There are 2 protein chains.
Amino acid sequence: MPGPIQSLSRAAAILRLLAGGERRLGLSEVAASLDLAKGTAHGILRTLQQEGFVEQDAESGKYQLGAELLRLGQSYLDVHELRARALVWADDLARASGETVYLGVLHQRGVLIVHHVFRPDDTRQVLEVGSMQPLHSTALGKVLLAYDPVARGELGDGPLESYTTRTLTELSDVDAECALIRERGWADAVEETWEGVASIGALIQDRRRNPVGAVCISGAVETVCEDGFVKPSLVASVRSAARAISRDLGAGRF
Amino acid sequence: MPGPIQSLSRAAAILRLLAGGERRLGLSEVAASLDLAKGTAHGILRTLQQEGFVEQDAESGKYQLGAELLRLGQSYLDVHELRARALVWADDLARASGETVYLGVLHQRGVLIVHHVFRPDDTRQVLEVGSMQPLHSTALGKVLLAYDPVARGELGDGPLESYTTRTLTELSDVDAECALIRERGWADAVEETWEGVASIGALIQDRRRNPVGAVCISGAVETVCEDGFVKPSLVASVRSAARAISRDLGAGRF
DNA sequence: CCTTGCGGTCGACAATGTCGACCATCAGTC
DNA sequence: GACTGATGGTCGACATTGTCGACCGCAAGG
C-alpha cells in the first residue's frame, strides 16, 4: 500500500489534538506538539479553518474545532446502517427493561456510542452519542473483545487502565472472560467502570456473521442485579434485541 | 492570504460529497464528481480511511463517512462555550414554555443546531443537534440575519427557496422583516418552513455585543400563537433566556 | 470469452507543500 | 518608553510530495 498523504495525516493529527485538549490551542502550541514548522501548521490550520473544520477565536487567535465537524458527524449517523436498523429495537429494549440502552461500534481502542436511549424515567440524563467507552471494562466493549479479533488486537499488550476495584486489568483475565462470553453468548460488567453501574451486552452481527457492533442495557446495580448476579430476564431481553437487530441487518440486502 | 492546501481542500470536498449523497459512493463516482484523477482520489480516500474519517464497505468497496467524525463532532460540542453556558437556561426555557428549545449558530448558509431540548411532554422526538435549518424562514435564522452581517452576506442574491406559502422569498421582504426584528428585539416564524409549526427566537451576544447565536422555542401553531400572533408571554420567556445566556457569556472571562 | 465496469497500483514529473528566517503586534517589565 | 519575549502570521527558495494517466486484476454481464 502506497504511503498516506502527508498533509492530510497532519491535518488529522491537528484535529485530534484540538479534540483532546480541553481548551483552545494557539498556533505555536499546535506546531510544537506535532513537531511542525510554524508556517506548515499555519497553512494547514488556515485551510481547515476555511473549510469549517476549525474555528479561530477572534480575540485570542487560538484555535478550536469547527462546526462542520458536528454537521459531518450527524451525517455519519444518518448513513449508518446498523444504527438505522437498530433504532426501533433499541427503543423497545429500553421500554421492556426500564434501563438505558446503548448501541456501540468498535472504533480505535474503544467503543464509540452511536445510539443512546434514555432510561424511561424522568431523571435528567445527558446524551452520550459520539463518546467513547473502554473495551475491557464495559459490557459493550467485552462483547466486541470476545467476538472481534480486531478489537482484541487493539488491546495490544499495554497495561489496562483500572477504574474501580472490580476492573479486570490482567490480559489473561480478560481473555478468560472473553471465552466465557463466547460460550454463553452475552457479556456483563458490574461496577467495572463506574461504581454502582451494571450493564449487560450482546453481539450484533451482519448477514455474514461478522461482528459489527453491540447493544447493551445499563443501569443501577440495584435494578440490574439480583443476589449478586445480573437478572436472567434482562439478559434474555438484551439477547433477543441483539438477535432482532442482526436479523434485520441480514435482511437488509435482499 | 496565501493559498489553501490543495490536498486538504480536496479531502474536505470529498467528505462533504459523502455527507451529501444518501448512499455510499464508489471511488470512480467520487473522482468523477470532483473532477479528479482516480489515483488522486484514491490516495486521499486511503488516507482519510486510515485516519478514520472515511470507512469502506468491505464487500462493495464503496466509501462512506467514518466514525472519527462523530467523535470529533462530539468534541466540538464539548468545547463549545456558548452551548455549555446555555444548557441550563435552555432547560429552564423548555420547562417554562412547554415547547421545544433550539440553540443555533451561523454556519455557512444556514443555522447549525448545537443544542436541542425536547418538548417536556412524552411524544417521541428525534434529536436534531448537528442538523441545519434555513436562514430566511426560521426564527433562529432570521434573528441571525437581522443582527449578523455575515449571515446577511451568505444570503447573497440567489433566489430564496420556498417551503410553504408563507415563506418569504423576496430579499426585500426579508430585509424589511429584519429591520422589524432589530426594532423590537425578537423574531418569529409562523409556518414559514414547516406547516403547523411556529417559533420565536432571540439573539445571543458575547461580552462585546457580537452576535454569536440564537435561541428559539418551537411548537405547534395552536400552542405558540393566539389570535394569529405569537403569545407575548412566550416572547418574554425567550427574550429573557437569551439575555440570561448573553450575560452568562459576558461574565465568562472574569 | 470477450467486454466493460469496478477498485487499486505504479512511476515519472513538476506542481505543491514544506521549511525557517522574517515581520507586526501585543503584554509585561524594568 | 524602549526593551524583551511571547504571540499569530507572511514570504520565497527548495525539493519533497502529491498528482496524473496508463496500467493491472478481478468480477459481473452479455
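Bear in mind the structure is a predicted one, so any value in this text is a computation, not a measurement. Convention: sequence-line order gives letters A, B, ...; per-chain numbering from 1.
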Undergrad: Check for a donor-acceptor pair, side chain of B:S246 on one end and backbone N or O of B:Q205 on the other, with a separation under 3.5 Å.
TA: yes
Undergrad: Without decimals, in angstroms, what is the distance between A:I5 CD1 and D:dT19 C1'?
TA: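 Going from CD1 in A:I5 over to C1' in D:dT19 covers 9 Å.
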Undergrad: Counting only side-chain heavy atoms from C-beta out, which of D:dC20, C:dC19, C:dG7 sits nearest to B:Q56?
TA: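 Nearest nucleotide to the side chain: C:dG7.
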Undergrad: Would you call A:K62 and A:L25 a side-chain contact if the rule is heavy atoms closer than 4.5 Å?
TA: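 They are not in contact (no side-chain heavy atoms under 4.5 Å apart), so the answer is no.
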Undergrad: Tell me the interatomic distance from B:L8, atom CG, to D:dT19, atom P, rounded to whole angstroms.
TA: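 That distance rounds to 10 Å.
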Undergrad: Take atom CD of B:Q6 and atom P of C:dA14, then tell me their distance rounded to the nearest Å.
TA: 16 Å
Undergrad: Using a heavy-atom cut-off of 4.0 Å across all strands, would you classify B:G43 as base, sugar-phosphate, or nothing?
TA: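 The answer is nothing, as B:G43 stays clear of every strand by at least 4.0 Å.
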Undergrad: Could you go through the salt bridge (charged side-chain N to carboxylate O under 4.0 Å, His left out) check for B:R24 and B:E55 one step at a time?
TA: CA-CA 10 Å; B:R24 295 187 256 256; B:E55 289 168 5; over 6 Å; no
Undergrad: Using the benzene-type ring in the case of Trp, are the ring centres of B:H136 and B:Y163 under 6.0 Å apart?
TA: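 Yes.
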Undergrad: Atom CZ of A:R10 to atom P of D:dG18: distance rounded to whole Å?
TA: 8 Å
Undergrad: What's the CD1-C1' distance between A:I44 and D:dG8, to the nearest Å?
TA: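 After rounding, the gap between these two atoms is 16 Å.
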Undergrad: Please state whether the base of C:dG8 and the side chain of B:K38 form at least one donor-acceptor pair under 3.5 Å?
TA: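 Such a pair exists between side chain and base.
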Undergrad: Give the rounded distance in Å between these two atoms: CZ of A:R46 and C1' of D:dG8.
TA: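 Result: 12 Å.
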Undergrad: Within this structure, what is the CD1-to-C1' distance between A:I14 and C:dG17, rounded to whole angstrom?
TA: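 Value for this atom pair: 13 Å.
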Undergrad: Could you check how far CG of A:L36 sits from P of D:dT17, rounded to whole Å?
TA: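 Interatomic distance, CG of A:L36 to P of D:dT17: 12 Å.
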